[in-house]
Every structure is written in structure tokens, then in C-alpha cells.
Chemist: 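Here it is, the structure, as C-alpha cells.
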Amino acid sequence: MGREKRKDRNHKRLIIERGLCCAAVDNPEIFCENKKVKKLLFYFLASAGFVSVVFASGELIVAWDASNGANVVSWTLPQVQLNGTYQYHSVDIYRTFGYSSGVDSWTLVNAGVIDGSFTDYCGYGSFSYELRNVAQYNYDSDNDVWYTSSAFPDYGPVASYFMSDGSNSRNITIADAAGGQESFGGKWKISYSLQETCPIDVRIYGPGTKFTYDSEGFYVRPASTWCVRTIVDYKDIIDSVPRPAGSNYEEWDCTDSSGNIVGNGIYYVMFEIFDPFNPPSDPLNPQYNAATGVYEKRDAWVGVIPIDILRIKDFSATGINQTNTTSSISYNINNAAEIKVLILASGKEFAIASSSGSISYGSNSTYNYKAGDLIPSSGQGSDIVNIISYYRQAGTNCETWDGQSATGIAVENGLYPVGICARDRSDNTAIATDGNDQPFFTTITVDKRTETTTTDATPPTLVSVTPSSGTTVSSVSQITVTLSDASGVNASATTISLQFGTTTFSDGNGATQSPTSGSGTSQTFTLTLSTAMTAEGSYTIKIVATDKYNNPATYTVTFNISSTVSSAGDFADTVFARPQPSTSGSITFLADQSDSFFSGTPNISVCVYTIFGEKVYENTSTGKAYTWHYSNLGLAPGVYIYRLKVWNGSTSYEVVKKAVIYK
């Protein structure tokens, strides 16, 4: 075949390529007099044996061109294996308004497009696009033969968003006043973009709200009873100013429509975008105008706002000594609140008040507390050394303690528990970042001795003992004792024993004690019984504590063993989840860590449900703690309900509580 003849045939090929090729394939009788077209048809049919339908996925992209009011649809498509040299793909472009085929259905925008992109001058709005009837064309110039294949799926749908930036990305951000997700400052900012200046509605909905879709795939506004606060209402004269095209933002101060701060939980912000020139008279029932093709509602979006009204973190305290005569108590709080810092006597413990009350302490001071505040676990004012209370703003704060009691007397050397709680103006309480169900505290070491001091007359202090004094348990197999001493605990000279009637259990006599050596300033000892004690009656723990200067102190603790222990309600108080809220991908459920209800190793079962009652997890193990790894379950942020059951023999307790997952 000569060069000039090939040029002539290539020219004819272009004519066929641009308009007649598909028709020849679908209707071969049209070109029955053209031998070349007959040859094309023959090789198209014969090429079926050479086609491979194994190919990589294609990609369909939609971008908004604001200057032309158009959506630019572009695509890349895979190639199947055909004889000849690849020339192009041909596609038909279909469009529908919204995110699903609604009142307008799918419309053919352009057919046989081969350029890899197409500009749709549709104007502003939310549209979805599909590529259909995709075909590939190859050409064999040596034999002047075309090959084609339609072994392609439809591509799409891919949506464009009215509420988006120029790249057609939603690019909507929700952040607190510090740019995080901790409700810092009680302020939330929602940043977004619009294709065109238009009226909008923005509302906040409470935890548990369910959202549905209309025929166009847009969110439908939930019932008004779920609405916590209206941020923007285009039908309200005050907020009726349309939001301009481009970047915008709205703010929420965590209050409801009455001005009260909302409680903790997962809240939702819903945007509804309406036609700039034809907003609906009834936003709950937007209409479609078939004559103009305008749907009064143009877009809708729902985002999640994790409200954590009052949380404390980074709590720490420095010690008091000859060089530092005051303790610096620092912490970080996410919202303004009244802060209460309680300092207790050495060896005392904190509890969380379940109701309001007052405690007298010092010579003439009264501590008024409410449910959720910290109190001494004994409820006695004699356990309170001092209380510091101020109203503080959000952020990092620092309080100081001069090492004196409420009566102005300097305290003795020792280890003093210091706890913190907070309450905002809407009566929300905070303890710690990991939940409101456990006291948040640390310790302050007071040691005013000079470095040249070589003698010490103060024996170790008993910090805690388990089982604790006055408790009733079903059995005991281990006793745990924590001691502290500024000069150091002499572990080898410290002994623990358990007496029941005339029988004494001690190290080497029916029990094993550890540690057996060391002189740390704080030491935890365990006395493990060879056989668990289950006989009912009164038991006495005797602790002879000695420091490194051989100053001894004897402590005795009495508890009871009974086959009938505390109620299930008391057991529920021992159950908690860590961390709360969780962002780490796992939550550990703990129960009966003080061994008040079970000794040894019981069974534990955990079931987790959504707030709508759908079970998402269940498992059974042994022990008094269970770690749930939820990261691979694809769960949405929110509040979940867990049912925890612990049992051993005939003794069984079951508790239902909640846990929160953030991302």
C-alpha cells in the first residue's frame, strides 16, 4: 500500500471516527455498499475473541468553575486489550439534579464525547453525573482496520456539591475556640463555602437525632422537637441575610434556644441551602418547578459536634521543701468555671458527692458542696487540711498552697492527697478528661527537713489498705497495703499479718509477703494467702510499718467476710470505663478493683450497643477488667451503651452504663 493511499484512507478514517463508526456497528445495513465499513464491521465482530475485560478502575471527577457557572466533568478510563493501536474512548454523559435520581430523573447531556472532559454549563446547584455506553476504539493502520470494545461498566455517579469549594470538596471544618475538638471556650466555628450567594438555614440538633433523605438525596429537616438551637433561619427577618458565594462561617456558643448551656453529648449541625431566586415558602416542603427545572432546595449537609462542656486535664502539683515553700497546683480546663481544690490529710481518700451537703472543717470554715463535687471519702471535716476555690477562665491555670492548714498552722512532713473539681454557670460538673465517675487527684509531698538532717522520728504513713476498714467482702485471697515515708520505707522491716479468731496468717505462715526489700519513699505491699479465706466473721489486718531510721508505727484495719455482700447498686459504683471519652481505638472496662465483691479471678462479659439499641459487640473473658478494641469496627463517633456482667459461682452482678467514642 503506497504512502499517499494510506493518507487518503486515514482521512476517511477520521470521517468515520467522528460520526459514523458507532452507527455502522449498531446498524450495519446503513453502510452495506461501503467495502471499508463492511471490513470494519467484520473485524469488530471478529475482535470479540481478542478482548480482555480485566482492567483497572476508571476515575470520574467533577469540579466547579465559578467564573462560568459550570461543572467541569473529567475522566480517565482503563484500556482493554485490542488489536491495533489505541485511539480514544467514547462516552455518553448523563446528569441528574441532586444526589439520586429524583423528580427530574437522568438526562443525556452529551453523547459520543471523546476528549476526556466536558464542561456542563448547568449553573449552580447539586448535580450527579454518570458515564454510560463507554467504548474503546483501536486502529490498525497497516490493514486499515478498526477494532472496538464496549466491555466497560457505567462510571459514577459522582456528585457536585452546592455547599463546597472550587475543587468540589465539601471542605467543611468544625472546630472549637482553640481549633480542637474539646469544646474549648464553649465556642464552635463551622467554616464552609457556597457556589452562589443564597439563603440558608442552620440548626443544631440534640443527641439521638435521626436524619432521613428526600427523593433528591438531600437530608430532610428532623422534627422541631429535636432542634436545640436555630443559628440561621432565612425566613427570620433578623437572620435573613443571604450568605455570599465563597467562604463563610457560622458560630455556636453551646447554648440552647433558652440560653442555657447544653449537656455533654454528640450534637449535630444541619445546613440547608435554598435557591437564590426561588427559596421555598415552606422549607419543610420544597418544590420542583418542571418548567424551569429549579428545585427550591439546592443542598443539605449534617456534621457532628462532640460537646464536652467541662473537662480538666494536665493536673499536677509540685512538692514543698526547704527551697520551695509553696506548692504550685496547675491544670487545664476547657471552659470558665468555679474551681475547687481540696487538700486532705495524709492517708485519706476522695469520693464524689452523690447529693448536696456541707462539711465543717478547720476552726470556723464550711465546705458547701453539690452532687458531683469532691469530698473526703469519710465525710469527716477532720480529713480536710485546706480548700482553695476560685472562678477561673478556660485555659491553663495555677493555684498555690503554702503548706498550711485552714487554721494557719504549718502541716507536718508527709504525702497529702490533692484533688480538683469544677462547676460552670449552668451547673455542669467536671472531674477529669476520662469521665465523671472517678475522683481526679494527685499528691503533694511536704518535706521541710534540711539536707543535713540525718535522723527522722516520723514513722511511715498508711496511705491505703485493701480490703479497707469496715468493708464486707465475700472472700479474700490478697491484702494490699500502701505506705509512704519522706525518709524511705524499710520494706524488710515492715510486716503484714491477718488474724481470724486465734489464727494468724503472715509471711511464711500460710501467706507470702512482697516486696521483701527496698527503701522507697512510697511502697506497696501484698500479702497473698495460700488459700482464699471464705469463712464468715471479723478479720483484722495488722501492719507494722518501719522507715529506714527504724521508726515503727502499727496500724490495724478490721473488715468482715459474709456470703451476702453489698447490693448490686453498690457494685455498680465500682464499674467505670477508661479512657472517657475515648480517641485511642480502645476502651477498658473495670469493675471491683478493690476486691470488695469478688476474690480471685471471676468471669466478665461485655456487650456494647448503640443508643438505638443495636448490638455492635459482645465477648466474654476472665478477670475484673476487659479491653474493647473498637478501632476496626468502623463505628461512628457517639455515645454507646455497655452492659457489663461479672460472676463467680452463684454470685453475679450486672451493670449498664454509657461510654463515648470520639475521632
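Just so it is clear, the values below take in all heavy atoms, side chains as well, and ignore hydrogens, waters and symmetry mates.
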Chemist: Under 3.5 Å, is there a donor-acceptor pair linking the side chains of E272 and Y219?
Modeler: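 Checked: E272/Y219 side chains show no N/O donor-acceptor pair below 3.5 Å.
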
Chemist: P637 versus P306: any side-chain heavy-atom pair under 4.5 Å?
Modeler: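 P637 vs P306: side chains apart.
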
Chemist: Indicate whether any N or O donor in one side chain lies under 3.5 Å from an N or O acceptor in the other, for D176 and S183.
Modeler: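 Per modelled atom types, D176 and S183 side chains form no pair under 3.5 Å.
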
Chemist: Using atom types as modelled and distance alone, determine if a side-chain donor or acceptor of Q593 lies under 3.5 Å from a backbone N or O of A625.
Modeler: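 Answer holds: no.
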
Chemist: Spell out, as yes or no, whether a donor-acceptor pair under 3.5 Å connects the side chain of K657 to the backbone of A572.
Modeler: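 Yes.
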
Chemist: Working to the nearest 0.5 Å, report the span between CD of Q181 and CH2 of W188.
Modeler: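 It comes to 4.5 Å.
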
Chemist: Under 3.5 Å, is there a donor-acceptor pair linking the side chains of D424 and N335?
Modeler: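 The criterion, which ignores hydrogens and geometry beyond distance, is not satisfied for N335 and D424.
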
Chemist: May I ask you to check whether over 12 heavy atoms, not counting those of Y391, lie within 6.0 Å of atom OH?
Modeler: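 Yes, because the 6.0 Å sphere around OH of Y391 holds more than 12 heavy atoms from other groups.
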
Chemist: Any luck finding a side-chain donor-acceptor pair between N285 and D282 under 3.5 Å?
Modeler: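 No, no side-chain donor-acceptor contact under 3.5 Å.
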
Chemist: Can a donor-acceptor pair be found, under 3.5 Å and without considering hydrogens, that links the side chain of K370 to the backbone of T429?
Modeler: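 Not a single qualifying donor-acceptor pair exists.
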
Chemist: Between S191 and K189, is there a side-chain heavy-atom distance shorter than 4.5 Å?
Modeler: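 They are in contact (side-chain heavy atoms under 4.5 Å apart), so the answer is yes.
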
Chemist: Write down the atom of I273, the atom of I200, and the distance for their closest heavy-atom approach.
Modeler: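 Heavy-atom minimum between the residues: CD1-CG2, 3.5 Å.
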
Chemist: For the side chain of S160 and the backbone of F127, is there at least one donor-acceptor N/O pair under 3.5 Å apart?
Modeler: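 Yes, because the side chain of S160 sits within donor-acceptor range (under 3.5 Å) of the backbone of F127.
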
Chemist: Between K297 and D201 (salt bridge meaning N to carboxylate O under 4.0 Å), is one present in this structure?
Modeler: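 Salt bridge flag = no for D201 with K297.
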
Chemist: Take W401 and V418 through the test side chain to side chain contact (heavy atoms under 4.5 Å, CB included) and record every step on the way to the result.
Modeler: CA-CA 10 Å; W401 179 48; V418 53; over 6 Å; no

Chemist: Can you confirm whether the side chains of R643 and Y609 place a donor and an acceptor under 3.5 Å from each other?
Modeler: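 Side-chain D/A pair, R643 to Y609: present.
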
Chemist: Can you tell me if T96 and S128 form a side-chain donor-acceptor pair at under 3.5 Å?
Modeler: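 No - no donor-acceptor pair under 3.5 Å links their side chains.
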
Chemist: V228 and Y205: which non-hydrogen atoms are nearest, and at how many Å?
Modeler: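 Closest pair (atom of V228, atom of Y205, distance): CG2-C, 4.0 Å.
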
Chemist: ring-ring contact (aromatic ring centres under 6.0 Å, His included) with F184: which residues, sequence neighbours excluded?
Modeler: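 With neighbours one apart ignored, the set is empty.
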
Chemist: Between Q287 and E296 (side chain of the first, backbone of the second, donor and acceptor by atom type, cut-off under 3.5 Å), is there such a pair?
Modeler: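 Not a single qualifying donor-acceptor pair exists.
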
Chemist: Between E182 and R311, does any NZ, NE, NH1 or NH2 come within less than 4.0 Å of an OD or OE carboxylate oxygen?
Modeler: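 No salt bridge links R311 with E182.
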
Chemist: So do D299 and Y99 actually touch side chain to side chain, heavy atoms under 4.5 Å?
Modeler: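 A side-chain contact under 4.5 Å exists here.
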
Chemist: Please tell me if the side chains of D383 and I359 come closer than 4.5 Å, counting only heavy atoms from C-beta onward.
Modeler: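 Result no, sub-4.5 Å side-chain heavy-atom pair not found.
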
Chemist: Are any of the side-chain nitrogens in E196 or R298 under 4.0 Å away from the carboxylate oxygens of its partner?
Modeler: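 Between R298 and E196 there is no salt bridge, as every charged N stays at least 4.0 Å from the carboxylate O atoms.
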
Chemist: Taking atom CG of N364 as the centre, report whether more than 12 heavy atoms of other residues, nucleotides or ligands fall under 6.0 Å from it.
Modeler: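 Count not over threshold, so no.
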
Chemist: Quick one: does Y416's side chain get under 4.5 Å of N386's, heavy atoms only?
Modeler: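 No, too far: nothing below the 4.5 Å cut-off.
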
Chemist: Side-chain donor-acceptor pair under 3.5 Å between T407 and S405, yes or no?
Modeler: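 Looking only at side-chain atoms, S405 and T407 do form a donor-acceptor pair, the distance falling under 3.5 Å.
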
Chemist: With a 4.5 Å heavy-atom cut-off, do L644 and Y653 have their side chains touching?
Modeler: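 Contact flag for L644/Y653 side chains = no.
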
